Amino acid sequence: MFTKPLEYIFLPSALKDAYEQINKSASGIDEVHFAEFEKEFAKNIETLSKKLLKGSYTPEPLKKIEIAKQNTDEKRPIALSAIKDKIVQRVLYENLNPYFDKLLSDKSYAYRPNKSTIKALNRVSDYLNKKYRFILKTDIDNFFETIDHDLLLKVLQKEIADKKLLKLISLFLQTGGFSQMEYAEHTQGVHQGDILSPLLSNIYLNEMDKFLEQESMEFVRYADDFVVLFQTKNEAYKGLKKLKKFLQTLKLSLEKEKTFIVHISDGFTFLGIDFVGRNCFVAQKRIEASVEKMQDFSQKSSAFMTFVDELNSYLRALKNYYLKIISPQTSQYEMLQNALLDTVAHKVYLSKKLGVIKTKKAFRNLVAHIDFETLFGDDEAKEAREIAIARGYEKYLANKSYKASKKLINQKKNQYAKKFANESTLHINTPGLMLGISKNKFVIKEYGRVKKRYAFDKVKRIIFEGKGFSISSDVLKRCADSGITVDFIDKKALPYASLVTYKASIAQNIVKQAMLLGTPKQLELAKAFIKGKAKNQINYLKYMNKYHQLLDKPIGSMEKNFLKIKTAQSTDELMGVEGSISASYWEGVRLLLDVPFEKRITQGARDIVNSSLNYAYAILYGQVQHALVHAGLSLNISFLHTLDGNKPTLTFDMIEEFRVFVVDRVIVSMLNKDEPIKLGSDGLLNKASRQLIARNIKEKLGSYTMWKKESHKVENIIQAQAYRLANFIEGKEKKYKPFIGKF
């Protein structure tokens, strides 16, 4: 039992120490601010001490506000206490917590010393490894707002000897609050935001923990979010029934929508981590939220060192949580690396634009304080800092329209970007080659001998073309773990397969995709895809017409038909409009080309123009498909093209807005420059021509272009558009805007 009396707890020295520990970011409803409290600090502490000892102390009502929950439209209620009440609660917490913590279950991990989310997750993994195959995933319905005061005080009475302490805790429980000048009684629950609330909630739920332990049920709890693990399905359902019945004694219930029993092979999510089998992964939405969080830091108008401190604090949080789960050389890790680079670059850009910091030397001194080592390691951190500063300067120069300088910079940047784009794609099109893994590298072997080696972190995409090659299962496993795209193309330049892992699609997105079919939003999306394609076609011909003066007629026809997109009432009507626009477009392309070209042929082409286009589209196709999969979308649910269970028709939708910018202009340029593109005796492109086209398309995907007034890699724009589409489907964005290239 806790036997220390109130008189020995609330000494003036303890109150002074507590003041130093409380959060000084907000004051309570009495509007006594910290500067004001400190003016007569000794007197205020003495007065507070006397009231506590006499039993005349009463907390002030709370100031109740609501804050948005992360990644949701829901609001979380927060209660703000007066300064003196925070001090009293802090003293109580410092004295009671060490005693009660010893009584809590070791399977409870929230708000406790030497406990953490990572330790909770590791405990779950440990149970899974011990053949606990069925998981009850649940949490308490509206837990913090439904804790019964009488039951909580009965638990506390068994452990706290001094009734005056119990009375004090009871006062904090019962004190209501004002929201917009309206007082609300507080008859149940604990105030979220109060210092005592985490401890009291743990004490209350420890009754459930003891019940689960008495019933020999294994569990891991973090506040009101917990999992119970069983070895058989029957045990799981029996355990759920017992738990529901017991919670009635605490006047609690499980949240129906978040309560289910699942086998580990089907997966479940706990504390933002996806468990599938014995493996665990950070939920993609959590990574995207982390990226947004980092970007938010650079949007503020705070001083650069304030930005550094906030960013470093967040990087430490990532290191202590997600980075203990995400391994390097994965797409999620790369997303965080790019987010850090972009965040620092944007802050550099803003500071340079405002004239707050003027020299690269000054930026280097400041950026040196940012913990790049958290994501890049000691050897790469120095280079990463330079890249971030360089990107910031690029944005600044682009916005200042220093065209001559920007052109030179972009030429050099694109020179290396194209080089890296080629090096990051393994394109295997020679029969007899075998792709495997040796000494932590991809290796290409011919007749058992190693021809080339590629470091894992340099490869982002693998293309197999034709037939007669082989691939090891180790390669497939590595690609699945690292998010490396693997595409298969036949000798006629038709994609016939791609590697998609079980981590790719999000079931919730698939349902939401299907729900859009037959609604006005389907037609809205279909129109967006066609608008993107048609606008790029028109803009490209206009750009070329500046030099050729041959294209007024096809451009005029296209612009006239473009207006019909808005009034189209169905996808069939829309496809008819698209067909008319494309017919005029290809007539314009025919006028531009210096080689014979009669009409567009998508399959079975035997002329040099169509063969080149089809082959290039196949490479773009894989990039678009990977982006859609990475965004968690189902490839078989499309909005423009007719659904076909055997074809990834969503890829056909999204590729439309990128065809002209990535492929058409590259192929037209190559053909008009008389590059050595030739057909073989079979009427198909020869190997050298395929290699040349592949290199040019890969370079285009890896090059930079202006988009949304900033410089972006084309392949990153494709990925961004896939995420934008996913957000529109989920209802996070009101409108889907197609990509319009800058020609």
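As the structure is a prediction and not an experimental result, all values here were calculated from the model.
- Taking each heavy atom of Leu6 and Asp162 in turn, the nearest pair found is N-OD2, 2.7 Å.
- Ring orientation note: the planes of Tyr127 and Tyr132 are nearly perpendicular, at an angle over 60° on the 30°/60° scale.
- Here the OG1-NZ distance, from Thr47 to Lys84, works out to 11.0 Å after rounding to the nearest 0.5 Å.
- In this structure, Lys242 forms no cation-pi arrangement with Phe211, as its terminal cationic atom is not both closer than 6.0 Å to the ring centre and no more than 45° off the ring axis.
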Item to check | Pair Asp309-Phe297, side chain to side chain contact (heavy atoms under 4.5 Å, CB included): steps then yes or no | outcome: CA-CA 10 Å; Asp309 291 340; Phe297 293 136; over 6 Å; no
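- In this structure, OG1 in Thr175 is found 10.0 Å from CD in Glu185, a value given to the nearest 0.5 Å.
- Looking at heavy atoms from C-beta onward, Lys708 lies out of side-chain contact with Lys737 at the 4.5 angstrom threshold.
- For Tyr8, the OH atom sits in a loose shell: 12 or fewer heavy atoms of surrounding residues, nucleotides or ligands are nearer than 6.0 Å.
- Heavy-atom minimum distance, His191 versus Ala79: CB-CB, 3.7 Å.
- Using modelled atom types, no side-chain atom of Ser170 and backbone atom of Leu166 make a donor-acceptor pair closer than 3.5 Å.
- Residues Val220 and Phe270 approach most closely at O-CZ, 3.8 Å, considering heavy atoms.
- Considering only heavy atoms from C-beta on, Tyr57 comes within 4.5 Å of Pro59 through its side chain.
- Closest approach of Tyr322 and Ser290 over heavy atoms only: CE1-OG, 3.3 Å.
- Going from atom CG of Asn202 over to atom CG of Asp224 covers 10.5 Å, rounded to the nearest 0.5 Å.
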Next on the checklist: Before you tell me yes or no, could you show the steps for Met208 and Phe226 under side chain to side chain contact (heavy atoms under 4.5 Å, CB included), namely the whole-Å CA-CA distance, both residues' side-chain angles and the distance that decides it to 0.1 Å?
Outcome noted: CA-CA 11 Å; Met208 180 189 76; Phe226 62 102; 3.9 Å; yes
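- Using a 4.0 Å cut-off between a side-chain N of Lys or Arg and a carboxylate O of Asp or Glu, Asp225 and Lys137 qualify as a salt bridge.
- Looking at heavy atoms from C-beta onward, Leu205 lies out of side-chain contact with Ser108 at the 4.5 angstrom threshold.
- Atom OH of Tyr222 is separated from atom OH of Tyr111 by 6.5 Å, given to the nearest 0.5 angstrom.
- The closest side-chain heavy-atom distance from Phe307 to Ser298 is below 4.5 Å.
- Ring geometry, Phe275 versus Phe268: the interplanar angle falls under 30°, so the pair is classed parallel (tilted spans 30 to 60°).
- Side chain of His346 to main chain of Gly392: no donor-acceptor pair is present (N/O by atom type, distance under 3.5 Å, no hydrogens or angles).
- The distance from atom OH of Tyr393 to atom NZ of Lys352, rounded to the nearest 0.5 Å, is 3.5 Å.
- Minimum heavy-atom separation, Leu103 to Asn206: O-ND2, 3.3 Å.
- Taking the side chain as every heavy atom from C-beta outward, Leu375 and Leu323 approach each other to under 4.5 Å.
- For Tyr349 and Tyr396, the gap between ring centers reaches or exceeds 6.0 Å.
- Partners of Tyr19 by side-chain hydrogen bond (donor to acceptor under 3.5 Å, both in side chains), not counting sequence neighbours, listed by chain and number: Glu38.
- Aromatic pair Phe37/Phe34: centroids not less than 6.0 angstrom apart.
- The only option from Lys119, Arg112, Arg123 that meets the salt bridge (Lys or Arg N to Asp or Glu O under 4.0 Å) definition with Asp106 turns out to be Arg123.
- Without hydrogens or angle criteria, Tyr99 side chain to Met1 main chain gives a donor-acceptor distance under 3.5 Å.
- Residue pairs meeting the salt bridge (Lys or Arg N to Asp or Glu O under 4.0 Å) criterion with at least one partner in residues 193-210, sequence neighbours excluded, are Glu207-Lys210, Asp209-Arg221.
- Looking at heavy atoms from C-beta onward, Leu62 lies out of side-chain contact with Ile29 at the 4.5 angstrom threshold.
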Please set out all donor-acceptor pairs under 3.5 angstrom arising from side-chain atoms of residues 249-257, sequence neighbours excluded.
from: Thr249; atom 1: OG1; to: Phe246; atom 2: O; distance (Å): 2.5
from: Lys251; atom 1: NZ; to: Asp148; atom 2: OD2; distance (Å): 3.4

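- Annotation: side chain of Val348 is not in contact with side chain of Leu366 (no heavy-atom distance under 4.5 Å).
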Checklist entry - Going through the distances and angles, do Lys395 and Lys353 end up as a side chain to side chain contact (heavy atoms under 4.5 Å, CB included)? => result CA-CA 9 Å; Lys395 291 175 74 171; Lys353 180 183 177 182; over 6 Å; no
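- Between Leu168 and Phe10, some side-chain heavy-atom pair lies under the 4.5 Å cut-off.
- Between Gln188 and Glu145, the shortest heavy-atom distance links the atoms CG-O, 3.4 Å.
- Using a 4.0 Å cut-off between a side-chain N of Lys or Arg and a carboxylate O of Asp or Glu, Lys16 and Glu20 do not qualify as a salt bridge.
- Salt-bridge annotation for Asp342 and Arg391: present, with a side-chain N of the basic residue lying under 4.0 Å from a carboxylate O of the acidic one.
- With Tyr183 contributing its side chain and Gly176 its backbone, the two residues share a donor-acceptor pair below 3.5 Å.
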Next on the checklist: Between Asn44 and Ile83, does the side chain to side chain contact (heavy atoms under 4.5 Å, CB included) criterion hold? Intermediate values first, please.
Outcome noted: CA-CA 10 Å; Asn44 287 332; Ile83 296 170; over 6 Å; no
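- Checking side-chain atoms of Glu60 against main-chain N and O of Ala82 turns up no donor-acceptor pair under 3.5 Å.
- Rounding to the nearest 0.5 angstrom, the gap separating the CG atom in Leu318 from the CZ atom in Arg316 is 11.0 Å.
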